[in-house]
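Down below is the structure, laid out as structure tokens.
Worth saying up front: this structure is predicted, and the values here are computed from it rather than measured. Below, each value reflects all heavy atoms present in this structure, side chains not excepted, and no hydrogens, waters or symmetry copies.
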Amino acid sequence: MESARTSLKEGFPRKKIKLPDLALHMLMQDSAPQLVDWVLHHRALGIEAITVHGDGANTQATKLAQALADAGLITFSPTNRPGLANARSREISVQEKALQAETDARREYFLWLQPDDFLVIDAGAGRLEDLVAGLSTVPDLISLTMQIAGGSGQARFADAPLPTRFTRGTGGATGPLFLGVPLRTIFRPGMARALQTARPKLKAKYIRRKEPVTWLNGAGEDVAERYLEKGWLAMPDKPGLGLAHVISFMAQDKETFLLRHTGSGETLPFMTPEHLKGTIQRYYKLNFAMAEMGPFGAGPQDLQETRAAFLAGHPEIARLHAEVIAEFSGRLERLLAVQDPKAAKIVAAFLAGANITLDSFDWPVPFGALTTPPILSEAQSAWAERLVRTEDQPEAEEEAEEQIWADADDGPDSETPAPARADKAVIAAPAWLSDLRLSGQAHGFYHSMPNYACTYVARSREHLLISFDNLASVRENPVSRQPWGYDFVRKENWSHLGVLSYVPGWFRDVNLHTYLRSLRDSGFFEQFEQVTMFGTSMGGYGAAAFSSLAPGCRVAAFSPQSTLSPRLAGWDPRYPTGKRADWAGHFSDAAEEARSASQVWLFYDPAVPMDRRHVERFTSPNVVRVPLRYADHKTALMLRNGRVLSAVMRDIATGKASLATLMKHYRACRTLPDYVEGLRARAQRSGGAPRLARLERALKQIG
């Protein structure tokens with residue numbers, strides 16, 4: 001890093017760096033027993049700006065983290081969203097805030113580690129400055145190979161530093177690697193538009209090579225070409241080792257893995273069969289023990305002696321650390337005391353290494369009991385399998401995101417479903433069914449009714465998105481189809497309830513109404529922190545009409561009908577099949593049903609008279625009308641073609657939307673052919689040939 005460039009990148013001056021201005025962030029995951037070791041290790045490397053984000057696992061963990069902050073070793077940021085069920089939403093929120101904070105602070109470099117990750121400098125004396133000295137240029141990013149440690153045959157928790165307990169994993173510090181392994185990346189925060197656990201998402205100008213990127217690996221090798229264009233794994237033939245790497249103790253011992261994935265509060269949950277089975281399966285997927293990992297850095301300190309000396313000099317931290325260990329050491333006994341005997345027997349067999357049959361996971365779940373949450377991520381459950389691929393997929397550019405809305409065409413509506421194409425009939429299963437069947441972890445269901453169905457995939461409890469089909473969906477192959485927006489919700493890792501319609505009946509069906517009310521009465525919607533209903537045209541009506549099932553939900557309705565009741569909307573001559581449905585009874589007037597929602601976002605083109613009149617029937621104060629001129633009845637399609645539909649839905653679901661931000665998104669659509677044709681038609685109507693000529697000149701000037 002002795003050579004320096006003088007150009008600016010996102011406001012960060014290139015300069016000679018002796019000791020990098022590196023901010024290290026970590027989010028606790030019921031990991032308090034190893035917190036002292038983790039902090040002491042990274043302080044010993046020379047990292048002074050360490051921020052630990054709390055998870056609210058229990059009072060002992062929070063008090064220990066606060067004590068370390070009071071001693072000046074870390075900055076501690078407690079959470080207002082504690083608990084295992086909030087893990088995913090907590091991570092998303094914390095990563096977003098951390099990246100923004102370090103960008104605003106003009107920090108030189110940023111590193112996000114998991115609580116099981118230990119950065120190891122293999123050069124020199126094993127300090128950060130030794131890594132700097134080993135690099136030949138000033139990098140923008142340094143992607144470090146992860147050596148993943150397995151349980152090394154240990155089943156029970158012990159209060160000892162992790163590197164002394166778990167010594168076998170995916171390979172040694174100098175290789176060879178036996179698997180393709182993930183990365184942890186040090187990077188300039190101003191270059192990232194978002195942060196994921198394994199990597200930053202770079203801004204589009206870097207992905208498109210409009211700005212140069214200096215990207216190195218842990219051996220100091222240039223990997224920009226690979227990581228900009230290809231996968232995000234360190235491959236066995238190019239391990240990228242020599243100067244630095246990361247050891248990740250993901251599996252640890254069986255007891256620790258089970259406890260950290262079950263619950264940690266004063267009241268421990270009842271383990272469902274699905275959760276216990278999934279947790280055990282996940283442990284074995286992550287329990288790599290292929291080779292000795294080698295020394296813990298160049299010239300490692302005696303971690304046990306380092307910790308002992310530190311605790312001797314900080315008696316209050318020593319006392320709180322002991323309380324953390326006592327709570328964790330006694331938790332398994334407390335947990336098993338509230339479990340079904342079959343579950344307790346399986347846990348004992350798991351710890352003993354005995355065989356467990358799949359039919360053992362079968363016991364009743366008490367009604368109303370506090371239970372373990374669903375597995376948080378399908379991606380997590382399949383992650384270990386992805387490690388062994390020889391080549392990962394390239395990171396998609398921003399433009400590709402909108403391809404997941406390929407079925408966003410909501411107009412013009414057709415009353416007659418088209419026959420399914422023969423070439424699509426060969427698809428074995430829709431994506432939601434594949435997710436439930438093949439992930440091994442996801443929870444969900446499929447409920448079939450005459451003419452309608454509901455499919456549910458559980459991923460996390462912070463967000464449930466409920467989609468309602470449009471008429472274009474009705475025309476799709478009934479075998480391979482999936483709910484509207486399914487790929488978007490899946491990508492966001494949110495739970496999804498899809499209401500499928502096989503007829504153009506506007507959801508006017510007593511069986512469907514009864515089933516959706518039964519979900520409400522069972523408390524299904526209440527288990528989620530936030531519910532968002534969405535759809536376009538017929539689906540937009542459904543999203544607003546059924547929002548009363550989940551008071552406080554958010555609604556995103558694109559070109560919706562408020563009702564097709566002849567009594568209330570006899571002025572709308574469209575959709576004859578829908579008008580023939582029975583509009584008596586529940587959910588017949590979406591404008592009234594939507595009054596109990598927290599926010600109702602209605603997207604429409606004011607120049608479409610029937611759409612405008614439907615939107616004007618929504619008069620409650622929770623309604624925000626979003627006029628999309630020149631979109632016609634295709635508001636969702638216009639947003640999708642402008643590559644902003646995902647951003648719009650993301651803002652609404654997460655509560656970040658405002659009329660100003662949504663209209664700002666819509667500005668990206670002003671150069672679309674449909675939008676321009678709308679401008680031309682308006683110019684012709686309002687000013688004739690002279691105004692149209694002026695418009696054409698203006699369009700040429702802006703390209």
Side-chain angles (χ1 to χ4, degrees), residues 23-32 34-35 38 50-58 61-62 65 74-103 110-117 146 182-185 187 189 192-201 232 246 248-250 257 259-265 275 278-279 282 286 372-384 386 395 441-442 458-465 489-496 528-530 650-651 653-656:
L24 172 60
H25 285 253
M26 179 268 280
L27 172 60
M28 296 175 67
Q29 298 175 7
D30 194 13
S31 52
Q34 65 201 49
L35 179 60
W38 190 91
I50 300 176
T51 300
V52 172
H53 303 271
D55 61 350
N58 48 51
T62 300
I74 63 171
T75 297
F76 177 56
S77 176
T79 183
N80 59 0
R81 308 185 75 179
L84 191 60
N86 294 323
R88 180 58 179 159
S89 62
R90 187 167 55 242
E91 182 178 54
I92 293 172
S93 175
V94 165
Q95 289 181 337
E96 179 180 316
K97 292 177 181 178
L99 179 60
Q100 187 62 54
E102 301 302 351
T103 302
F110 182 103
L111 173 61
W112 178 277
L113 292 180
Q114 297 289 78
D116 304 325
D117 296 342
M146 287 175 57
L183 307 167
R184 296 289 186 255
T185 300
F187 64 96
R193 59 183 172 88
L195 175 65
Q196 293 179 320
T197 301
R199 64 195 182 180
K201 287 186 174 181
W232 271 82
V246 171
S248 185
F249 300 91
M250 292 182 178
F257 192 88
L259 294 179
R260 288 179 59 186
H261 291 82
T262 301
S264 55
H275 182 90
T279 300
R282 209 163 11 153
L286 296 174
T372 47
I375 298 299
L376 295 178
S377 168
E378 298 167 8
Q380 287 177 345
S381 67
W383 175 79
R386 291 202 301 273
E395 180 179 11
Q441 303 295 323
R459 300 186 182 93
S460 62
R461 288 185 178 175
E462 65 269 21
H463 284 291
L464 170 68
L465 267 69
V489 182
R490 181 192 199 186
K491 181 180 178 182
E492 296 300 315
N493 197 41
W494 296 334
S495 295
H496 190 180
F528 300 96
E529 294 182 24
Q530 182 60 54
R650 191 179 296 115
D651 283 354
T654 57
K656 298 178 181 178

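For the pair Phe257/Thr262, no side-chain contact is recorded, criterion being any heavy-atom separation below 4.5 Å from C-beta on. Side-chain contact check for Arg90 versus Asp55: some heavy-atom pair is nearer than 4.5 Å. Taking the side chain as every heavy atom from C-beta outward, Phe76 and Thr62 approach each other to under 4.5 Å. Here the side chains of Met250 and Met146 are in contact, with some heavy-atom distance below 4.5 Å. Within the 4.5 Å cutoff, the side chain of His25 has no heavy atoms near those of the Thr75 side chain. The closest side-chain heavy-atom distance from His53 to Met28 is not below 4.5 Å. Annotation: side chain of Ile74 is not in contact with side chain of Trp38 (no heavy-atom distance under 4.5 Å).
The shortest non-hydrogen separation linking Leu259 to Asp30 is O-OD2, 3.8 Å. Residues Leu465 and Ala653 come closest through the heavy atom pair CD1-CB, 4.2 Å. Nearest heavy-atom pair, Gly54 versus Leu27, reported as atom, atom and distance to 0.1 Å: O-CD1, 3.7 Å.
The ring of Phe528 has its center no closer than 6.0 angstrom to the ring center of His463.
Atom CG of Leu84 and atom OG1 of Thr372 lie 8.5 Å apart (nearest 0.5 Å). The CZ atom of Phe110 sits 6.0 Å away from atom CG of Leu99, with the distance rounded to the nearest 0.5 Å. To the nearest 0.5 Å, atom OG1 of residue Thr185 and atom CG of residue Leu111 are 8.5 Å apart. For the atom pair CZ of Arg459 and CZ of Arg461, the computed distance is 15.5 Å after rounding to the nearest 0.5 Å. The distance from atom CD of Gln530 to atom CH2 of Trp494, rounded to the nearest 0.5 Å, is 10.0 Å. Distance OG/Ser495 to CZ/Arg490: 13.5 Å, rounded to 0.5 Å.
Under the side chain to side chain contact (heavy atoms under 4.5 Å, CB included) criterion, Gln95 pairs with Glu91, Trp112, Leu195, Thr197, sequence neighbours left out. Scanning for side chain to side chain contact (heavy atoms under 4.5 Å, CB included) contacts around Ile92 gives Arg88, with sequence neighbours left out. Residues passing the side chain to side chain donor-acceptor pair (under 3.5 Å) test with Ser248, sequence neighbours excluded: Asp117.
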Could you walk me through whether Met26 and Gln114 satisfy the side chain to side chain contact (heavy atoms under 4.5 Å, CB included) test, starting with their C-alpha distance in whole Å, then the side-chain angles of each, then the deciding distance to 0.1 Å, before giving a yes or no? CA-CA 6 Å; Met26 179 268 280; Gln114 297 289 78; 5.9 Å; no
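Checking side-chain atoms of Ser264 against main-chain N and O of Ala57 turns up a donor-acceptor pair under 3.5 Å. Remark: side-chain polar atoms of Arg184 are not paired, donor with acceptor, to backbone N or O of Leu113 under 3.5 angstrom. With His275 contributing its side chain and His261 its backbone, the two residues share a donor-acceptor pair below 3.5 Å.
A salt bridge links Glu96 to Lys656: at least one charged side-chain nitrogen sits closer than 4.0 Å to a carboxylate oxygen. A salt bridge between Arg260 and Asp116 is present, with a side-chain N of the basic residue lying under 4.0 Å from a carboxylate O of the acidic one.
Counting only N and O atoms by type, the side chains of Gln29 and Ser31 include no donor and acceptor under 3.5 Å apart.
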